[in-house]
**Q** 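After the structure tokens below, expect a handful of questions from me.
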Amino acid sequence: MKKVEAIIKPFKLDEIKEALHEIGLQGITVLEAKGFGRQKGHTELYRGAEYIVDFLPKVKIELIIEDQQLDSAIEAIQKAAHTGRIGDGKIFISPIEDAIRIRTGERGAEAI
């Protein structure tokens, strides 16, 4: 099993959710996040005062999938999240040792 974490632009969430649904993935976790990478934030003007916005709004998506679904999931996220502009995001992949469904006690692939 693998854990896929994707940091994306907030307005791309629905497109990514649909793309993952189309390839048969059901469950995702979505977290609101703030951060910056190479963008390094930007400057805004508010009531005549200039201030720096260091952290930009982002969305973090997490999903646990079976190994054979990994390539299709990554491809779906990449295509749906791509705008071609700076700040499109990143995808991180980690191995998962085990998963347990609390309600039934199922383990491994059956739990996801």
**Q** Without swapping roles, check the side chain of K58 against the backbone of G87 for a donor-acceptor pair under 3.5 Å.
**A**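 Between the backbone of G87 and the side chain of K58 there is a qualifying donor-acceptor contact (under 3.5 Å).
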
**Q** Do I77 and I93 land in one hydrophobic cluster if side-chain heavy atoms of ILVMFWY residues count as linked below 4.5 Å?
**A** yes

**Q** Donor-acceptor pair, K9 side chain versus G89 backbone, under 3.5 Å?
**A** no

**Q** Looking at K17, I'd like to know if its NZ atom is crowded, meaning that more than 12 non-hydrogen atoms belonging to other residues, nucleotides or ligands lie closer than 6.0 Å.
**A** no

**Q** Please determine if K60 and E5 form a salt bridge, counting it only when a charged side-chain N lies under 4.0 Å from a carboxylate O.
**A**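 Judged by the 4.0 Å cut-off on N to carboxylate O distance, K60 and E5 do form a salt bridge.
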
**Q** Taking side chain as C-beta onward, heavy atoms only, is I16 less than 4.5 Å from V59?
**A**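 Heavy-atom side-chain distance check fails, nothing below 4.5 Å.
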
**Q** Out of the candidates D67, I65, D71, only one should pair with Q69 under the side chain to side chain contact (heavy atoms under 4.5 Å, CB included) rule; please name it.
**A**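 That would be I65; it is the only one of D67, I65, D71 passing the side chain to side chain contact (heavy atoms under 4.5 Å, CB included) with Q69.
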
**Q** In chain order, what residues pass the side-chain contact (heavy atoms from CB on, under 4.5 Å) check against A99, with sequence neighbours excluded?
**A** M1, A111, I112

**Q** What is the minimum heavy-atom distance between E106 and T104, and which atoms define it?
**A**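 The answer is OE1-OG1, 2.8 Å.
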
**Q** Kindly work out whether a path of hydrophobic side-chain contacts (I/L/V/M/F/W/Y, heavy atoms less than 4.5 Å apart) joins I91 to I28.
**A**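 In one cluster: yes.
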
**Q** Indicate the atoms forming the closest heavy-atom contact of A80 with A19, along with that distance.
**A** CB-CB, 4.1 Å

**Q** Flag yes if more than 12 heavy atoms outside Q26 fall under 6.0 Å of its CD atom; otherwise flag no.
**A** no

**Q** Is it true that L63 and I7 fall in one hydrophobic cluster, defined by side-chain heavy atoms closer than 4.5 Å?
**A**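 Different hydrophobic clusters.
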
**Q** Are any side-chain N or O atoms of D88 and backbone N or O atoms of H82, one a donor and one an acceptor, separated by less than 3.5 Å?
**A**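 Flag not set: sc D88 to bb H82 has no pair under 3.5 Å.
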
**Q** In the single-linkage hydrophobic clustering (I, L, V, M, F, W, Y; side-chain heavy atoms under 4.5 Å), do I96 and I74 co-cluster?
**A** no

**Q** Flag yes if I61 and I23 sit in one hydrophobic cluster, no otherwise; membership is Ile, Leu, Val, Met, Phe, Trp, Tyr, and two members link when side-chain heavy atoms are under 4.5 Å apart.
**A**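 Looking at the clustering, I23 is in the same group as I61.
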
**Q** Within a strict 4.5 Å, meaning less than it, do heavy atoms of the K3 and E62 side chains meet?
**A** yes

